[in-house]
Amino acid sequence: MVVLDTCCLIELCKIRPSVSDSVRQRIEKGAVVLSVSFAEIALKLKKKRLDINLTGEELYRSYREIPEIQIVDIGCPEWFDAINLNWRHQDPADRLIVGYAKRMNFPIVTTDRGIKKFHVEVLW
């Protein structure tokens, strides 16, 4: 099982995503997406900082239908994990993703340099 960072969800929307074949195979075996990633994408779309052919809601619905993908709704346990990280990074979505991955001991699929420096196992 792997945790997909928001940048990975965006990358997977491309015709030819740059995710390696080995990582793609790991994703196909099972992956987790935190609900905050869909909110982050919807906000980027609203601010016109992202150009994909789906709305945030459509992307969410399409991922919900993939049996290998588990979507985790954010609750208090995830927020406390994020808040309690000994990490200076301030982005709440990144903190939630990293906190969840650390608790579950899952690698994160991301290109985010800040996450790469902090989290033990990062894939791309």
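Residues Phe118 and Lys102 come closest through the heavy atom pair CE2-CE, 3.8 Å. In this structure, Trp87 and Gly114 approach most closely via the heavy-atom pair CZ2-O, 3.6 Å. Among all heavy-atom pairs drawn from Leu54 and Glu58, the shortest one is CA-OE1, 3.3 Å. Nearest heavy atoms, Cys7 versus Asp112: SG-N, 4.5 Å. When every heavy atom of Glu78 is checked against every heavy atom of Leu96, the shortest pair comes out as O-CD2, 3.6 Å. The shortest heavy-atom contact between Leu4 and Ser37 is O-OG, 4.3 Å.
Between the side chain of Glu11 and the backbone N or O of Val19, no donor-acceptor pair lies under 3.5 Å. At distances below 3.5 Å, not a single donor-acceptor pair connects side-chain atoms of Glu65 with backbone N or O atoms of Ser62. A donor-acceptor pair under 3.5 Å is absent between the side-chain atoms of Arg64 and the main chain of Ile71, judged by distance alone. For Arg95 (side chain) and Ala82 (main-chain N/O), a donor-acceptor pair under 3.5 Å exists by modelled atom type.
Note on Leu12: it does not cluster hydrophobically with Phe106, by side-chain heavy-atom contacts below 4.5 Å among ILVMFWY residues. Linking Ile, Leu, Val, Met, Phe, Trp and Tyr residues whenever their side-chain heavy atoms come within less than 4.5 Å places Ile27 and Leu9 in a single cluster. The same ILVMFWY cluster, assembled from side-chain heavy atoms under 4.5 Å apart, contains both Tyr100 and Val122. Placement of Ile115 and Ile74 within a single hydrophobic cluster is found when ILVMFWY residues are connected by side-chain heavy-atom separations under 4.5 Å, directly or transitively. Residues Leu59 and Val72 are members of separate hydrophobic clusters, defined by side-chain heavy-atom contacts under 4.5 angstrom among Ile, Leu, Val, Met, Phe, Trp and Tyr.
Counting heavy atoms from C-beta on, the side chains of Val32 and Leu34 come closer than 4.5 Å. Using a 4.5 Å heavy-atom threshold, the side chains of Leu50 and Leu43 count as separate. Side chains of Met1 and Gln70 form a contact here, defined as non-hydrogen atoms less than 4.5 Å apart. The shortest side-chain heavy-atom distance between Val3 and Met104 does not fall under the 4.5 Å cut-off. Counting only heavy atoms from C-beta outward, the side chains of Val98 and Ile108 approach each other to under 4.5 Å.
One distance of note links NZ of Lys116 with CG of Asp5; it measures 10.5 Å at 0.5 Å rounding. Atoms CD1 and CD1, from Ile52 and Ile41 in turn, are 6.0 Å apart once rounded to the nearest 0.5 Å. The distance from atom CD1 of Ile97 to atom OG1 of Thr110, rounded to the nearest 0.5 Å, is 7.5 Å.
Taking a 6.0 Å sphere around NZ of Lys46, one finds it holds 12 or fewer heavy atoms contributed by other residues, nucleotides or ligands.
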Exercise. Evaluate side-chain contact (heavy atoms from CB on, under 4.5 Å) for Lys44 paired with Ile10, printing each intermediate quantity in order.
Key: CA-CA 11 Å; Lys44 287 177 187 278; Ile10 294 167; 4.3 Å; yes
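The side chain to side chain contact (heavy atoms under 4.5 Å, CB included) search around Ser22 returns Ser20, not counting sequence neighbours. In this view, Ile66 and Tyr63, Glu68, Ile69 satisfy the side chain to side chain contact (heavy atoms under 4.5 Å, CB included) rule, not counting sequence neighbours.
Between Phe38 and Tyr60, the angle of the ring planes goes over 60°, which puts this pair in the perpendicular group of the 30/60° scheme.
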